[in-house]
Amino acid sequence: MSDNNSNTMWYDFKDIEAKWQSKWENEKVYSVTEDSSRKKYYVLEMFPYPSGRIHMGHVRNYSIGDVVARYKRMRGFNVLHPMGWDAFGLPAENAAIKNNTHPAKWTYQSIEYMRNQLKQLGLSYDWDREIATCHEKYYHWEQFLFLEMYQKGLVYQKVTKVNWCESCQTVLANEQVIEGACWRCDQQVMMREMNGWFFKITHYAEELLADLESLSGWPEKVLTMQRNWIGKSTGLNCTFKVADSSENIAIFTTRPDTIFGVTFLSLAPEHPLVHKLVAGTEKEEDVMRFVDKVTSLRKVNSREEEPVKEGIFTGKYCVNPFNNEKVPIYVANFVLMEYGTGAVMAVPAHDQRDFEFARKYSLEIRPVIIPEGITLDGSTMEQASSVPGTLVNSGQFNSMHSDDALNAIIEHARSRGFGAAQTTYKLRDWGISRQRFWGAPIPIIYCDKCGVVPVPAEDLPVILPWDTDTPSEKCVPLHMRPSFIETTCPTCNDPARRETDTMDTFVESSWYFARYTCPSFNKGPLDKEKTSYWLGVDQYIGGVEHAILHLLYSRFFTKVLRDLGYLDISEPFTNLLTQGMVIKDGAKMSKSKGNVIDPHNLINEFGADTVRLFSLFAAPPEKDLEWSSQGVEGASRFLNRVFRFIEANSMQLLERTERQTEITGNSRELHRKCHQTIKKVTLDIENNFHFNTAISAIMELFNAMSSLSGNAENSIQNSVLQETVDTILLLLSPMVPHFAAEMWEKCGHTDSIEKRDWPQYDEDAAREELLTIVLQVNGKVRSRVEVQADTDDEQLKEIALSDDKIARFINDSTVKKIIVVQKKLVNIVI
RNA sequence: GCGAGGGUGGCGGAACUGGUAGACGCACUAGACUUAGGAUCUAGCGCCUUAUGGUGUGGGGGUUCGACUCCCCCCUCUCGCACCA
């Protein structure tokens with residue numbers, strides 16, 4: 001308890017933390033069951049990938065979540081707070097190959113180690129609900145869901161160009177390609193034609209977009225990112241006939257109001273019609289050379305910003321169905337095959353890209369929408385005009401306003417049969433096939449006779465080979481394992497082959513939050529009785545890097561699970577807190593920068609409570625946190641000051657006295673501060689989890705108590721001192737649970753602190769009797785006075801005018817006006 | 001380019017619906033206790049100035065008795081999207 005070399009006492013965090021951790025574990029203090037008589041609260045932090053050891057980001061994320069869980073418990077909620085492991089994935093495979101072992105072995109070792117680290121932090125999880133997604137008990141039900149989705153038509157197989165990462169040797173979903181590179185290894189992604197399985201997330205595009213409106217508890221930033229990713233736009237799909245040919249070209253436009261300004265048409269280089277149009281013509285060679293150039297450049301240079309707009313004339317024309325005008329067809333490098341129809345009607349007067357293109361190739365620029373008070377001349381315009389206005393050169397639509405013309409033109413196309421309103425999304429279906437070993441096998445069998453046959457539900461799970469002791473098969477991909485591939489067809493019993501792709505690991509994390517409600521349910525993926533009590537997640541906490549990937553997939557899965565009858569909610573996470581990164585020296589911690597702080601060492605040196613306290617104190621949760629070792633010492637100092645105070649005042653604290661009715665002097669002042677602090681801390685947590693200001697308020701209260709109690713003539717009454725110390729410990733207990741529990745015991749309490757309710761504040765006790773009123777002259781602070789709280793405005797004016805300093809400033813000027821702000825200030829205007 | 005969020009002491013960060021700018025902590029300075037102190041305690045700490053006073057929340061303008069807070073213009077940083085027709 002006391003350091004040999006010093007007379008200063010330090011609390012022994014090692015013993016204390018071990019003591020309380022084992023108590024909590026042995027007594028299963030944080031295990032919960034459904035209880036319809038109590039209000040539930042489900043707080044969840046994004047589960048970790050078992051990479052080996054925890055990092056500061058985990059410490060921060062889980063400390064925040066733990067404060068929420070402990071706080072809500074003290075507010076009387078039945079709190080579900082689970083933890084588990086997102087355990088499939090490539091790092092385990094790489095580590096396994098490197099160490100010549102099985103990914104399972106590596107993964108379970110990591111889990112074991114990290115679980116202990118989390119327990120060392122004193123996090124209040126219900127460990128009975130722990131799940132690891134690589135366990136067959138988990139992916140069994142994922143395969144089951146895959147089959148149910150397959151039956152519903154929400155899973156399908158197709159051959160397409162997919163994103164291929166050569167270094168990871170696997171396909172990536174669109175969401176996993178960041179600036180043309182792999183989200184995991186940052187290698188350039190290639191396009192490659194492959195057969196794969198897809199989840200029909202586009203089926204829910206409209207709902208995924210619309211329901212964002214209901215997520216008022218989500219950060220605006222994340223909502224915006226999802227909105228952009230879904231990328232809805234509405235407009236006209238319209239067919240242009242190729243002149244002197246039977247071919248048609250469909251285009252999509254969001255600006256049908258500009259359709260009379262079309263002066264050419266642009267095709268994507270990959271558009272299937274390109275070759276047909278030029279085949280056998282003198283243009284064939286040049287056009288196809290251009291196509292090759294652009295497509296090969298796209299493969300290599302997808303990170304390149306804004307290449308110059310380029311194109312080539314095909315020699316062919318098509319007809320604008322609105323005015324029967326013939327316009328030339330170009331192939332252009334800026335037209336994307338993946339969006340819309342891969343063909344764009346070009347309106348250079350009103351679209352900047354078309355404008356640049358038209359200038360370059362001397363094509364006509366014909367304004368058809370004239371904004372009020374402006375004249376537009378195609379030959380002299382310097383950029384495209386995209387603002388609304390009145391239509392000209394637009395046949396029967398002339399003089400209409402562009403806003404009205406938009407729908408009128410769509411309707412015209414529809415009634416004449418050459419077009420229709422259309423909604424498009426940027427969102428693509430989710431490709432989930434991965435050519436990797438360490439993932440959930442896709443439960444499909446290929447039979448020469450019967451074709452694609454789903455594995456019958458009763459044959460699930462399709463188990464990933466577990467041969468950890470056979471060195472030759474440790475990490476061999478499934479397609480190279482005959483023992484896995486060879487099977488019999490469930491329909492005809494002939495020899496057949498298993499699908500060897502595994503599922504994207506994001507599939508596991510798309511529904512784990514629901515499985516926590518019934519982690520060992522063995523009759524199906526989810527037990528509706530449990531899910532309907534616990535879901536949705538009241539507070540979800542994690543890094544913003546999952547704003548699109550995981551958070552979009554989970555929303556999609558929730559809707560699917562609802563439609564399959566497993567859930568009665570449409571959105572998984574009612575409130576979302578995206579915590580900032582932990583940085584050091586202004587940069588994200590990384591091995592290459594050498595600025596990594598290992599939580600392990602910190603916990604050994606300062607104790608879990610100190611590490612938790614600092615990570616909560618140094619910044620509000622949504623902002624980045626600059627790690628400072630000196631700051632950690634500050635946090636440690638604070639806890640030790642509280643400890644020494646309790647030691648020094650133990651006589652007074654242990655002698656529990658009746659609460660006195662008359663509280664006066666310093667005691668009154670402390671009592672008031674105490675209740676003001678309860679109020680402040682409660683509001684800081686309730687409003688936006690601003691633990692940093694909550695902690696500083698507790699520090700202020702402690703500082704006030706220390707200095708007031710040192711006053712010999714006017715000492716603090718026992719009951720007030722006891723109440724204040726108790727309050728400080730209760731307020732601190734969600735953040736530094738071991739410390740608070742130990743001090744609570746030290747103060748003579750026989751019950752445990754986590755069973756106590758959160759303190760209530762008393763408005764009367766918190767009310768100020770004396771107020772400091774600021775006296776201003778012309779808005780500048782010149783003096784301050786203390787007055788009784790009930791002093792009225794007139795009295796205040798008098799006090800202000802008779803103040804010495806104020807009088808000096810007024811001097812012989814005339815007072816024009818006096819402004820009195822209740823309980824705050826008096827401003828004299830001269 | 002589009003979208004979102006920022007810019008406050010040496011540093012991390014406070015400041016409710018406009019009303020004491022810089023809470024709390026770190027660092028720093030001086031002192032105390034000490035054989036010693038990187039322990040602890042006391043005091044100080046935006047900048048200029050001798051106290052008085054002046055000045056100050058990225059820059060410029062405005063509204064107001066009063067602006068970190070509201071309005072306009074500009075600069076800058078971070079993040080996300082980026083030829084989406």
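Since we're looking at a predicted model, the values are computed, not measured. Below, chains carry the letters A, B, ... as their sequence lines are ordered, and counting in each starts from 1.
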So, for [X] and [Y], is the gap between ring centers shorter than 6.0 Å?
X: F334(A); Y: F357(A); result: yes
X: F702(A); Y: F645(A); result: yes
X: F614(A); Y: W627(A); result: yes
X: F739(A); Y: Y11(A); result: yes
X: Y361(A); Y: F264(A); result: no

Nucleotide nearest [X] when distance is taken to its side chain, options [options]:
X: M699(A); options: A85(B), A14(B), G25(B); result: G25(B)
X: M225(A); options: G80(B), C83(B), G19(B); result: G80(B)
X: S696(A); options: A27(B), U55(B), C24(B); result: C24(B)
X: N703(A); options: G25(B), A85(B), C16(B); result: G25(B)
X: N333(A); options: C83(B), C24(B), C84(B); result: C83(B)
X: F617(A); options: G19(B), G12(B), U55(B); result: G12(B)
X: K309(A); options: C26(B), A85(B), C83(B); result: C83(B)
X: T693(A); options: U40(B), A14(B), G66(B); result: A14(B)
X: K221(A); options: U40(B), C84(B), A4(B); result: A4(B)
X: R782(A); options: U40(B), G3(B), G54(B); result: G54(B)

Inset, instruction - Kindly indicate whether the side chain of N228(A) and the base of C81(B) share any N or O donor-acceptor pair separated by less than 3.5 Å? - result: no
Inset, instruction - Please confirm whether any donor atom in the side chain of K816(A) sits under 3.5 Å from an acceptor in the base of C65(B), or the reverse. - result: no
Inset, instruction - Carefully, step by step, assess D12(A) and K14(A) under the rule side chain to side chain contact (heavy atoms under 4.5 Å, CB included). - result: CA-CA 6 Å; D12(A) 186 345; K14(A) 279 212 168 89; 3.8 Å; yes
Protein-nucleotide distance ([X], atom [atom1]; [N], atom [atom2]), rounded to Å:
X: I806(A); N: G53(B); atom1: CD1; atom2: P; answer: 11 Å
X: L427(A); N: C81(B); atom1: CG; atom2: P; answer: 15 Å
X: R637(A); N: C41(B); atom1: CZ; atom2: C1'; answer: 12 Å
X: W229(A); N: G3(B); atom1: CH2; atom2: C1'; answer: 15 Å
X: I828(A); N: C65(B); atom1: CD1; atom2: P; answer: 16 Å
X: K680(A); N: A15(B); atom1: NZ; atom2: C1'; answer: 9 Å
X: F614(A); N: A27(B); atom1: CZ; atom2: C1'; answer: 13 Å
X: F691(A); N: A14(B); atom1: CZ; atom2: P; answer: 14 Å

Nearest-Å distance once atom [atom1] is located in both [N] and [M]:
N: C41(B); M: U78(B); atom1: P; result: 40 Å
N: C24(B); M: G3(B); atom1: C1'; result: 35 Å
N: U8(B); M: G13(B); atom1: C1'; result: 10 Å
N: A21(B); M: G46(B); atom1: C1'; result: 10 Å
N: C71(B); M: A4(B); atom1: P; result: 15 Å
N: C11(B); M: U57(B); atom1: P; result: 16 Å
N: A27(B); M: C45(B); atom1: C1'; result: 11 Å
N: G56(B); M: G9(B); atom1: P; result: 14 Å

Legend entry - Distance below 4.0 Å between R255(A) side-chain N/O and C84(B) OP1 or OP2: no
Inset, instruction - Please determine if a side-chain N or O atom of K426(A) lies less than 4.0 Å away from the OP1 or OP2 oxygen of C84(B). - result: no
Give one of base, sugar-phosphate or nothing for [X], where a contact means two heavy atoms less than 4.0 Å apart.
X: V781(A); answer: sugar-phosphate
X: D354(A); answer: nothing
X: E633(A); answer: nothing
X: P620(A); answer: sugar-phosphate
X: G231(A); answer: nothing
X: V829(A); answer: sugar-phosphate
X: R784(A); answer: base

Legend entry - Salt-bridge contact E206(A)-K232(A) (side-chain N to carboxylate O under 4.0 Å): yes
Legend entry - salt_bridge(K680(A), D684(A)) N-O dist < 4.0 Å: yes
Legend entry - Comparing V774(A) and A618(A) on RNA chain B - which has the more 5′ nearest nucleotide: A618(A)
Inset, instruction - Would you kindly compare K780(A) and N692(A) by the position of their nearest RNA chain B nucleotide and give the one closer to the 5′ end? - result: N692(A)
Let's test this: given Watson-Crick or G-U wobble pairing with both distances under 3.5 Å, identify the partner of [N].
N: G37(B); answer: none
N: C2(B); answer: G80(B)
N: U64(B); answer: none

Inset, instruction - Would you mind calling G9(B) syn or anti? Take O4'-C1'-N9-C4 for purines or O4'-C1'-N1-C2 for pyrimidines, and syn is within 90° of 0. - result: syn
Inset, instruction - Answer yes or no: are there more than 12 heavy-atom neighbours, outside K161(A) itself, under 6.0 Å from its atom NZ? - result: no
